[in-house]
Structures are given as C-alpha cells and as structure tokens.
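Working notes for the structure below.
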Amino acid sequence: MLSCACVSLSGGQGKTTVAFFLSLLLASQGKRVLAIDCDPQANLTFYLNHEVAANQPSLLEVLTGAVTTEDGIYPTQHSNLFLIPADRSLFKVSDYLINSGTGAFILKLRLRNVQSLFDYVIIDVQPSRSQICLTAVGASDTVLIPVEATTKGVNSLIDTLDFLQDQTSIMAFTGQILGVIPFRDRWVGNTQTIEGKENIAAMKEFAGDIPLLSSIRESEQFKRAIRKGKLLSELGHSDLQYPFEQIIKILTHE
Ligand code: ATP
Ligand code: MG
C-alpha cells in the first residue's frame with residue numbers, strides 16, 4: 001500500500017481535483033484505492049457522492065479510535081474505489097490530536113490494519129497547518145503539491161515547501177515529494193498566457209530539485225467531469241487527463 005497526499009496550504013489550489021481524478025483513474029485501472037477526506041469542508045466526500053449520516057462513522061471516529069478503521073470505510077459508485085468520508089464534525093478532531101501527544105502519527109497508525117486491503121491511499125488535505133494536515137502528512141509516503149499558476153499559487157508553494165521541511169526536520173514527514181502540479185494553467189489557443197508562463201517559471205525556481213509535473217489546463221471540462229462523476233477520458237477529453245496519467249506512472253515506480 002502506497003499513500004499519497006495532495007497538500008497545498010492555500011485554498012483553491014487543485015488538491016481535491018487532483019485527489020478525485022487520481023483516485024478514479026487508479027481505480028479504473030484495477031487498483032484498489034482508498035480515498036481519505038482530510039478536510040472538514042468535505043469536498044472530496046461530496047465529489048464521490050457520499051453523505052455522512054448522523055449515526056455513521058466518518059474520519060473523525062476513525063482518527064479518535066471510536067470505531068475500527070474498516071468501519072469507517074465505505075464503497076463508492078466506482079468499482080475498486082473506497083472512501084473514508086468527512087463532514088464538518090472533523091473540526092472537532094483537533095483537540096483529540098493535540099492531546100494525544102503524537103497527533104502527526106495517528107492516521108498512519110489507523111491505516112496499519114487495512115494495509116493489505118488497498119494498493120493506494122489518496123489523501124485530500126485541508127489547506128492549513130492544522131492538526132488534521134499534520135496527521136495526513138504524517139501518514140503519507142508521497143506528497144503532491146498542486147498550485148495555481150498565479151502569484152497566490154507561487155506563495156502557496158513557498159508555504160507548503162516550508163511546512164514540509166519543518167515536518168521533515170522533526171521526522172513527522174518521512175515521505176517523498178513527488179512533484180509540483182501547476183493548476184489552472186491558461187492557454188489561449190496554442191499560446192500559454194504570460195501570467196501562467198511567468199508563475200510556472202517562478203515555481204520551478206522555488207521547487208529546486210523537486211520535479212515540476214505536467215500542468216492541469218484551465219478548462220470547464222474538469223468541473224463537468226466532477227459533476228458527472230466521470231473521468232475526463234470518458235467525456236472525450238483524454239488530452240486533459242494527461243497530468244493524472246503522468247502521476248500514476250511516477251507512483252507505480254515508487
Ligand atoms: P480548497 O483549498 O478549498 O480545498 P482545493 O485546493 O481542493 O481547494 P479544488 O477544489 O480542487 O481546489 O479546485 C478549486 C476550484 O477549481 C474548484 O471549484 C474546481 O471545480 C475548479 N477547477 C477544477 N479543475 C479546474 C480546471 N482545470 N480549470 C478550471 N477550474 C477548475
Ligand atoms: Mg479541496
């Protein structure tokens with residue numbers, strides 16, 4: 001089982017989009033995938049068409065140990081793809097994680113029992129240096145950093161690299177950063193916008209040895225595919241799916 005988290009400390013950087021398409025594509029290739037929604041905003045849970053019922057366990061109960069990890073895992077409408085969902089109650093987990101004294105290691109611990117059930121764990125992470133973010137990163141063998149091809153995106157990259165460096169220095173992150181994914185890269189016809197080009201050049205500089213992966217083009221088709229719960233290729237846009245195929249190639253070599 002290999003775990004991969006989508007981490008970027010600003011909002012709207014493409015974390016949930018990457019987690020969604022990556023999970024769907026891996027599952028469509030026959031891999032057993034567990035998606036984990038580590039964001040109380042619960043967008044990934046919503047994208048995967050799951051609603052947490054009042055009496056049903058979600059990531060909160062899994063993290064606090066109120067239920068076994070298996071009891072917090074649900075099938076989705078996609079074969080091979082399972083979900084530990086979230087809802088707003090996940091905000092409450094911070095106290096538990098702080099008081100545990102080893103908050104950064106709790107998710108890793110909870111996943112130990114289900115290791116043999118999945119090939120990949122894909123984690124969508126909340127955009128802040130929160131306890132939930134710490135435990136998500138602590139459970140990750142690999143990390144992807146999606147960042148918008150804007151100044152805000154470049155700043156999110158700087159903050160995220162700084163954060164991962166801090167976590168590495170205390171051994172709370174021992175995984176590998178697979179790459180930076182420019183998100184919403186705008187092209188007009190065959191021409192990349194100057195803003196996109198400049199910001200991606202800046203990302204390259206800050207990323208140093210970390211690879212800059214293929215960018216995700218600005219396109220309404222992504223939202224359409226998410227709404228329909230389909231892959232881009234299923235809607236006739238295989239070209240837009242390339243970044244996720246590239247990530248899978250890298251992941252399968254890990
Ligand atoms: P948050 O920090 O709020 O969780 P996020 O980093 O998870 O945000 P997303 O939710 O993945 O970011 O994406 C931000 C928005 O961009 C969403 O509304 C999403 O539907 C939209 N979007 C996704 N892909 C594209 C695309 N290729 N082009 C334009 N918009 C897109
Ligand atoms: Mg999100």
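Just so you know, ligand 1 is whichever comes first in the structure, and atom 1 is the first atom listed for that ligand.
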Looking only at heavy atoms, what is the nearest atom pair of V180 and P182, with distance? O-CD, 3.5 Å
Is any side-chain N of the basic residue among D119 and R32 closer than 4.0 Å to the acidic one's carboxylate O? yes
Taking the non-hydrogen atoms of S10, is any one of them nearer than 4.0 angstrom to ligand 1? yes
Report the residues that fulfil salt bridge (charged side-chain N to carboxylate O under 4.0 Å, His left out) with D162, sequence neighbours left out, ordered by chain and then residue number. R129
Which atoms from ligand 1 have a heavy atom of I216 less than 4.0 Å away? 27 (N)
May I ask you to identify the nearest protein heavy atom to atom 23 (C) of ligand 1, giving residue, atom name and distance to one decimal place in Å? T17 OG1, 3.3 Å
So, do L232 and S238 sit near enough that their side-chain heavy atoms are less than 4.5 Å apart? no
Residue pairs fulfilling ring pair (Phe, Tyr, Trp, His ring centres under 6.0 Å) with at least one residue in residues 88-121, sequence neighbours excluded: F82-F118
Nearest-0.5 Å distance that lies between atom NZ in K230 and atom NE2 in H237: 13.5 Å
Using heavy atoms and a 4.0 Å limit, tell me yes or no: is F20 in contact with ligand 1? no
Judged by heavy atoms only, the candidate from R184, Q221, K223 nearest atom 16 (O) of ligand 1 is R184
Short N or O distance, T16 and ligand 1, threshold 3.5 Å exclusive: yes
In plain terms, say whether R186 and E218 are close enough for a salt bridge, that is, a side-chain N and a carboxylate O under 4.0 Å apart. no
Is any side-chain heavy atom of P127 closer than 4.5 Å to a side-chain heavy atom of S10? no
Got V93 and T64 here, is their nearest side-chain heavy-atom distance under 4.5 Å? yes
Test item: L59 and C38 side chains (from C-beta on) under 4.5 Å apart, heavy atoms: yes
Do T252 and Q29 come within less than 4.5 Å of each other through their side chains, counting heavy atoms only? no
As an exercise, identify every atom of ligand 1 less than 4.0 angstrom from a heavy atom of G11. 2 (O)
I'd like the name of whichever of R217, Q13, E218 reaches closest to atom 27 (N) of ligand 1 through any heavy atom. R217
Please walk me through it: do D185 and S215 pass side-chain hydrogen bond (donor to acceptor under 3.5 Å, both in side chains)? CA-CA 6 Å; D185 182 14; S215 54; 2.8 Å; yes
re atom 22 (N) of ligand 1, the protein heavy-atom contact at minimum distance is F183 CZ, 3.7 Å
Counting only protein N/O/S atoms, those under 2.8 Å from the Mg ion (ligand 2) total 1
Membership question, hydrophobic clusters at under 4.5 Å side-chain separation (ILVMFWY): are I158 and I210 in the same one? yes
Atoms of ligand 1 under 4.0 Å from any heavy atom of P127, numbered from 1 in the order shown, are 2 (O)
Please state which part of D39 comes within less than 4.0 Å of ligand 1, counting heavy atoms only: side chain, backbone, both or neither. side chain
Applying a heavy-atom cut-off of 4.0 Å, say which part of K15 lies close to ligand 1: side chain, backbone, both or neither. both
Within the protein, is there a heavy atom lying under 4.0 Å from atom 18 (O) of ligand 1? no
Looking at non-hydrogen atoms alone, which of A42, S156, S219, G12 comes nearest to atom 1 (P) of ligand 1? G12
Side chain to side chain contact (heavy atoms under 4.5 Å, CB included) partners for Q165, two or more places apart: none
Here the atoms of ligand 1 under 4.0 Å from any heavy atom belonging to Q41 are 3 (O)
Of all protein heavy atoms, the one nearest atom 12 (O) of ligand 1 is G14 N, 3.0 Å
